[in-house]
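Heads up: the structure comes next, in structure tokens.
Below, chains carry the letters A, B, ... as their sequence lines are ordered, and counting in each starts from 1.
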Protein chains: 4
Amino acid sequence: MARPKSEDKRNAILAAAIKVMAELGPGAPTSKIAREAGIAEGTLFTYFATKDELLNQLYLEVKGTLHEKMMDGFPHGAPLRERVHHAWHAYVHWGALDPARRKVMQQLTVSEAILPATRIKGAEAFCGISEMIAESVSVGMLRDQSPDFAGAIMSSLADMTIDFMLRSPDRKENYCEAGFVAFWNAIGGK
Amino acid sequence: MARPKSEDKRNAILAAAIKVMAELGPGAPTSKIAREAGIAEGTLFTYFATKDELLNQLYLEVKGTLHEKMMDGFPHGAPLRERVHHAWHAYVHWGALDPARRKVMQQLTVSEAILPATRIKGAEAFCGISEMIAESVSVGMLRDQSPDFAGAIMSSLADMTIDFMLRSPDRKENYCEAGFVAFWNAIGGK
Amino acid sequence: MARPKSEDKRNAILAAAIKVMAELGPGAPTSKIAREAGIAEGTLFTYFATKDELLNQLYLEVKGTLHEKMMDGFPHGAPLRERVHHAWHAYVHWGALDPARRKVMQQLTVSEAILPATRIKGAEAFCGISEMIAESVSVGMLRDQSPDFAGAIMSSLADMTIDFMLRSPDRKENYCEAGFVAFWNAIGGK
Amino acid sequence: MARPKSEDKRNAILAAAIKVMAELGPGAPTSKIAREAGIAEGTLFTYFATKDELLNQLYLEVKGTLHEKMMDGFPHGAPLRERVHHAWHAYVHWGALDPARRKVMQQLTVSEAILPATRIKGAEAFCGISEMIAESVSVGMLRDQSPDFAGAIMSSLADMTIDFMLRSPDRKENYCEAGFVAFWNAIGGK
DNA sequence: TATGAATGAGTATTCATTCAT
DNA sequence: GATGAATGAATACTCATTCAT
């Protein structure tokens, strides 16, 4: 049983898990996820040995999607501020346009089921972005911190911004930019 | 009245819930909470009719503790920056010194069990603080937002800062101040 | 603790039990009964040592009420048919006017909680009536049975008749008399 | 399909429910029923979604068995009295030979758990029998009632008769016939 | 490989009864 | 005697996981 047959089915399960868990939280029953995915209860376990494994894979999948969005159309040659703005814009719109995925990410982030190893793996993809942000930092005190700190500033402010965007959809773009201003100031962006 | 309902017991249950849920999440069994509180399984339900009610009360209790800490020794007459710094310092040290309470707050914040009404009630106490922060805002774009936005900037950055303080206890104070700098810059504090 | 103080309270409990059990069946919680009776949960147990005792007393009370109604205004000197008709009329109207009490009697009659001794005691009061009915029996085969058999014919037909009276309140009296005719024929009443 | 849901198992559960509930009433725990049926506690709920559904299905099963017995060997061409006697005989012997089933029917009949829809469905099968009995009715007043009334006279008297048959097994047949005489007279059978 | 019935430990909640006040 | 908080065994139902088909 090297790799299970259908990549499609694996994706269907992950998609179903996002849908169901956005509503029911990480306590959502695997049976409901299976039904939503259009497969039998038992089949889920040929793709994910345990529910915890599903949760961990899901965490990675969700973080992966976010990363993908942030790199999609990334203006590699552009000035720093523009590049960072691209990342910011992609982040908050990812969350505002796909609230289920984002809800699941929030829940899994604070869940005991996600292993430290998974968290590390999930963070790895964002190294580059963190470093880019760190480059923008002009505030002395913040320059002394690891790039992670700058990256974390972005995540936390972006996440907060998404909340406001979801609460007031008509002022979405306003919040997106207000959030960016706060973020850019926070790191003393040049 | 026979035996009056004991405030002590109520508090013991809430304390036990914090301890147990910090480890097991909101899915923690009420039986474990009762045992930890030193009471019978059934007794828990004379104080909280359902587990959901316990969760909602707990949310309020935890937010309340945080608010209390932030107002404890508050330098009412001091300059704005000092007052905001007091609030920040109290917030992040509350989280760093009582990680269980803080973990529970994080988990409940994203839990479906917390009713909107509870969230509103929990936020009310922080109005004053949000307004104080909003006063500090000098960035034009951010001035146009509600005080909530400023308050949310603080919460999200403080929360992120706590993570770093917990991960590197020896650099706790360093992170506390670095976080404050980022926050103060974010809102363009004067 | 010879006899508990208040006979009123005892009656309140029995009345409450009837009301609550008519809705919830014999599984009705004693706490609900106590609340309905306007007393504390624990007080119920100074009047009835256990729930089963309450149930048994209730059975007797309900049967007693029925018997009382049947003897109320009983035309002692009247011809047999008239006397039997009085009993019948009282029975079915008791059930039709107090459906809660009657529902409880039905439920307790088939409940495992009612002790044989209680059933016997409850039946004793009806000996006289059974004997009166037995006197009316003119059918040879039925004359050979114990008076109980004649009494049981009456109870079962009366109970059935009550069902119809409750289902069609506007035809109540019609059913009362139709039932009596069936009953009188059944025993070959002279 | 994997393992198909086994009709045998469903029947085993119903049989177990009859046995256990005859002793413990409708309050009998599902766990005891499952054990008696030789299955796991949880398995019961793959066959009956809730205990109430089990109760309702059981009601139908029990009524169905009774109806089956009444129609078994039914002398379709025979004179009316003989046909009615067949039904009566089958009814009371069903109850006398399978007291557990009959006890359960009594209990469920007065239970709040049985839905009106279930009662209607359970009664449908007996329409034909009620009509046959109604045909036998020669008493003017009873002729004006719906066939249900005649059917109800039979049920109530048969049920009473079963009680006597069970209490005095050696006089079983005597009571069967005495009961029939009463019944036949009640409806003024021709 | 896919299926879904079977499992049984686990969970929130109820409730008769006790007993401190 | 009256109260109602405390108790903990009992109960319906759930759910991750297994495994026969």
Side-chain angles (χ1 to χ4, degrees), chain A residues 1 3-6 9 24 27-35 38-55, chain B residues 1-6 9-10 27-35 38-55, chain C residues 1-6 9 24 27-35 38-55, chain D residues 1-6 9-10 24 27-35 38-55:
Chain A
M1 187 184 43
R3 197 178 297 187
K5 240 187 195 159
S6 150
K9 222 162 261 186
L24 270 37
T30 53
S31 58
K32 270 210 174 66
I33 296 171
R35 188 170 330 118
I39 59 163
E41 266 178 74
T43 305
L44 190 150
F45 293 93
T46 47
Y47 290 85
F48 305 92
T50 65
K51 189 185 183 182
D52 270 18
E53 196 190 308
L54 168 59
L55 256 27
Chain B
M1 217 195 326
R3 213 172 314 180
K5 238 186 268 191
S6 132
K9 219 161 264 183
R10 195 191 123 99
T30 52
S31 57
K32 270 209 173 65
I33 296 172
R35 186 165 336 112
I39 57 163
E41 262 179 77
T43 304
L44 190 151
F45 294 94
T46 58
Y47 288 85
F48 304 92
T50 63
K51 189 185 181 180
D52 270 18
E53 197 191 305
L54 169 60
L55 257 26
Chain C
M1 187 185 37
R3 197 178 299 185
K5 240 188 197 160
S6 151
K9 223 163 258 186
L24 269 37
T30 53
S31 57
K32 268 208 174 68
I33 296 171
R35 188 170 331 118
I39 58 162
E41 266 179 75
T43 305
L44 189 150
F45 293 93
T46 49
Y47 289 85
F48 305 92
T50 65
K51 188 186 184 183
D52 270 17
E53 197 190 307
L54 168 60
L55 256 27
Chain D
M1 217 192 328
R3 214 172 314 179
K5 239 186 266 190
S6 137
K9 218 160 264 182
R10 193 190 125 97
L24 270 37
T30 53
S31 56
K32 269 210 173 66
I33 296 172
R35 188 167 333 113
I39 58 164
E41 263 178 76
T43 304
L44 190 149
F45 294 95
T46 58
Y47 288 85
F48 305 92
T50 63
K51 189 185 183 182
D52 270 18
E53 197 190 306
L54 168 59
L55 256 27

Counting only side-chain heavy atoms from C-beta out, which of [options] sits nearest to [X]?
X     : options                : answer
C/T50 : E/dT11, E/dT17, F/dA12 : E/dT17
A/A40 : E/dT3, E/dA5, E/dA16   : E/dT3
D/T30 : E/dA16, F/dA12, E/dT13 : F/dA12

To the nearest Å, give me how far apart [atom1] ([X]) and [atom2] ([N]) are.
X     : N      : atom1 : atom2 : result
B/I39 : E/dT13 : CD1   : C1'   : 14 Å
A/L24 : F/dA16 : CG    : C1'   : 16 Å
D/F48 : F/dT14 : CZ    : P     : 16 Å
B/K5  : F/dA6  : NZ    : P     : 8 Å
D/K51 : F/dC13 : NZ    : P     : 8 Å
C/E53 : E/dA16 : CD    : C1'   : 14 Å
D/L44 : F/dT11 : CG    : P     : 14 Å
B/L55 : E/dT13 : CG    : P     : 10 Å

Give every donor-acceptor pair under 3.5 Å between a side-chain atom in residues 27-35 of chain D and any protein atom, sequence neighbours left out.
none

* Map B/G27 and C/K32 onto DNA chain E by nearest heavy atom, then report which one ends up closer to the 5' terminus. => B/G27
* 5′-ward residue of the pair C/F45/A/K9 relative to DNA chain E -> A/K9
* Identify whether any heavy atom of D/Y47 sits under 4.0 Å from a base atom; if not, whether one sits that close to sugar-phosphate; answer base, sugar-phosphate or nothing. => sugar-phosphate
* Asked: Between the side chain of D/K5 and the main-chain N/O of D/T46, is any donor-acceptor distance below 3.5 Å?
  -> yes
* Any donor and acceptor pair, going by atom type alone, linking the side chain of A/Y47 with main-chain N or O of A/L54 inside 3.5 Å? -> no
* Asked: CZ of C/F48 to OG1 of C/T43: how many Å apart, nearest 0.5 Å?
  -> 12.5 Å
* Asked: Dot-bracket, DNA chain F: Watson-Crick or G-U, under 3.5 angstrom, [ ] crossing, | other strand?
  -> .||||||||||||||||||||
* Can you list the residues that meet the side chain to side chain contact (heavy atoms under 4.5 Å, CB included) rule with A/T50, with sequence neighbours excluded? -> A/D52, A/E53
* Asked: Are B/T46 and F/dA6 close enough that a side-chain N or O sits under 4.0 Å from OP1 or OP2?
  -> yes
* Quick one: is E/dT14 close enough that its OP1 or OP2 comes under 4.0 Å of any side-chain N or O from C/S31? -> no
* Asked: On DNA chain F, nearest-nucleotide positions of C/T43 versus D/E41: which is more 5'?
  -> C/T43
* **Of D/A28 and B/G38, the one whose closest DNA chain F nucleotide lies more 5'** => B/G38
